[in-house]
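Here the structure is laid out as structure tokens; the discussion comes afterwards.
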Amino acid sequence: MERNKVDLKISIAINLIIFVLTVTASIMMFTGFKFMEAEPLLESTRIGMLRFFTVDSNLLVGVVALIFAIKEIQFLRGKTKEISKKILVLKMTASTAVGLTFVTVFAYLGPISPGGIPSMLKNSNLFLHLIIPVLSMLVFALYERTNKIKFRYTLFGILPTVIYAIGYVINILVHIENGKVSPIYDWYWFVQGGLWQIVIVLPLMIFITYIICVMLWRINKKNEN
């Protein structure tokens with residue numbers, strides 16, 4: 001990896017911040033702790049919070065950020081000569097996942113929510129929907145520059161979305177009653193207008209995920225030294 005020490009140190013700092021914020025936000029949601037008054041939107045306590053892609057994508061990026069920071073510290077101290085391609089692709093994939101969370105909140109969930117976008121940025125969701133995704137995309141695109149990630153590896157960026165989508169669709173199908181699915185089981189409101197919408201929503205979400213990944217990859221490459 002041909003990176004200057006300034007970028008490396010910034011990356012380490014931001015990745016550690018991402019990890020700390022992920023742990024903090026996860027504990028907040030798990031326990032139901034709130035520091036802002038707000039109606040509960042896309043929130044759940046304890047194990048139930050794992051049904052949200054927001055939580056899953058943030059947990060993924062938090063773990064990956066910690067691993068990446070450790071590898072970078074080792075690299076900075078001369079204990080390793082490089083950060084492996086697998087770790088870099090994993091970082092790109094995790095950053096893409098929270099990128100989808102960010103785009104979905106601001107382009108879809110926020111506008112259709114009663115309280116608008118501000119209602120989606122309360123309590124733990126302030127970190128999970130905004131701060132962590134933004135930090136994750138910025139640090140990968142601007143401070144973790146590399147020429148190791150070939151374009152074909154951008155396909156890995158859609159894996160979290162595909163895996164989650166499979167589980168979401170199965171959940172919907174097993175909770176159909178009279179041709180409809182309660183919002184309790186369709187918490188992202190993807191098929192409230194009819195089950196047929198899934199054939200549009202699913203490919204669209206995967207496509208958007210891939211576009212996000214390609215954009216992050218391109219910026220990462222463009223800023224390469």
Side-chain angles (χ1 to χ4, degrees), residues 1-36 38 42-43 49-50 52-80 82-84 86-106 110 117-118 120-146 148-149 157 160 209 212-213 215-217 219-220 222-225:
M1 291 178 64
E2 299 180 359
R3 295 166 59 193
N4 61 57
K5 288 187 177 181
V6 173
D7 283 359
L8 192 59
K9 291 178 180 179
I10 292 175
S11 177
I12 291 171
I14 294 178
N15 278 310
L16 290 176
I17 290 172
I18 289 171
F19 174 71
V20 172
L21 290 180
T22 301
V23 172
T24 301
S26 298
I27 292 175
M28 286 174 59
M29 184 172 283
F30 185 84
T31 60
F33 175 80
K34 299 181 184 299
F35 63 94
M36 305 166 73
L42 297 178
E43 293 181 1
M49 70 185 202
L50 294 177
F52 298 122
F53 184 79
T54 290
V55 175
D56 299 336
S57 62
N58 274 269
L59 287 175
L60 173 63
V61 86
V63 171
V64 173
L66 177 61
I67 294 173
F68 205 85
I70 292 172
K71 293 295 183 181
E72 287 182 311
I73 292 172
Q74 293 175 339
F75 179 77
L76 188 62
R77 293 178 176 177
K79 295 183 178 181
T80 182
E82 61 179 10
I83 296 179
S84 72
K86 291 181 180 179
I87 298 291
L88 290 167
V89 172
L90 182 60
K91 192 63 158 60
M92 177 185 68
T93 299
S95 300
T96 298
V98 288
L100 178 63
T101 289
F102 177 84
V103 170
T104 302
V105 167
F106 282 84
I117 291 176
M120 305 296 294
L121 304 177
K122 303 290 186 178
N123 299 303
S124 60
N125 281 334
L126 173 62
F127 304 103
L128 301 175
H129 286 164
L130 177 63
I131 298 176
I132 295 172
V134 169
L135 287 177
S136 300
M137 290 187 287
L138 284 178
V139 72
F140 173 75
L142 302 179
Y143 298 104
E144 295 167 1
R145 296 165 288 187
T146 179
K148 285 188 175 183
I149 306 177
T209 302
I212 293 170
C213 188
M215 289 178 64
L216 288 175
W217 174 84
I219 297 171
N220 176 279
K222 183 178 180 180
N223 286 277
E224 178 186 26
N225 290 326

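- With contacts defined as side-chain heavy-atom distances shorter than 4.5 Å, the pair Asp56/Pro160 does not qualify.
- When side chains are defined from C-beta on, Leu76 counts as touching Lys5, because their heavy atoms get closer than 4.5 Å.
- Of the charged side-chain nitrogens involved, none lies within less than 4.0 Å of a carboxylate oxygen, so that Lys9 and Glu72 do not count as a salt-bridged pair.
- Counting only N and O atoms by type, the side chains of Thr54 and Asn58 include no donor and acceptor under 3.5 Å apart.
- Side chains of Ser57 and Thr101: a donor on one and an acceptor on the other come within 3.5 Å.
- For residues 88-102, the pairs satisfying salt bridge (Lys or Arg N to Asp or Glu O under 4.0 Å) are Lys91-Glu144, with sequence neighbours left out.
- In this view, Phe106 and Phe102 satisfy the ring-ring contact (aromatic ring centres under 6.0 Å, His included) rule, not counting sequence neighbours.
- The minimum heavy-atom distance linking Thr209 with Thr96 is given by the pair O-CG2, 3.4 Å.
- Considering only residues two or more places apart in sequence or on other chains, Phe19 meets the side chain to side chain contact (heavy atoms under 4.5 Å, CB included) condition with Val23, Leu66.
- Taking 4.5 Å as the limit, some side-chain heavy atom of Met137 sits within range of a side-chain heavy atom of Leu216.
- Nearest heavy-atom pair, Val98 versus Ser136, reported as atom, atom and distance to 0.1 Å: CG2-CB, 3.7 Å.
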Next item on the list: Could you give me the CA-CA distance, side-chain angles and deciding distance for Ile149 and Trp217, then say whether side-chain contact (heavy atoms from CB on, under 4.5 Å) is met?
Entry: CA-CA 8 Å; Ile149 306 177; Trp217 174 84; 3.6 Å; yes
Next item on the list: Check the pair Met29 / Leu128 against side-chain contact (heavy atoms from CB on, under 4.5 Å), numbers first and verdict last.
Entry: CA-CA 10 Å; Met29 184 172 283; Leu128 301 175; 3.9 Å; yes
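- Taking 4.5 Å as the limit, every side-chain heavy atom of Ile18 sits out of range of all side-chain heavy atoms of Ile131.
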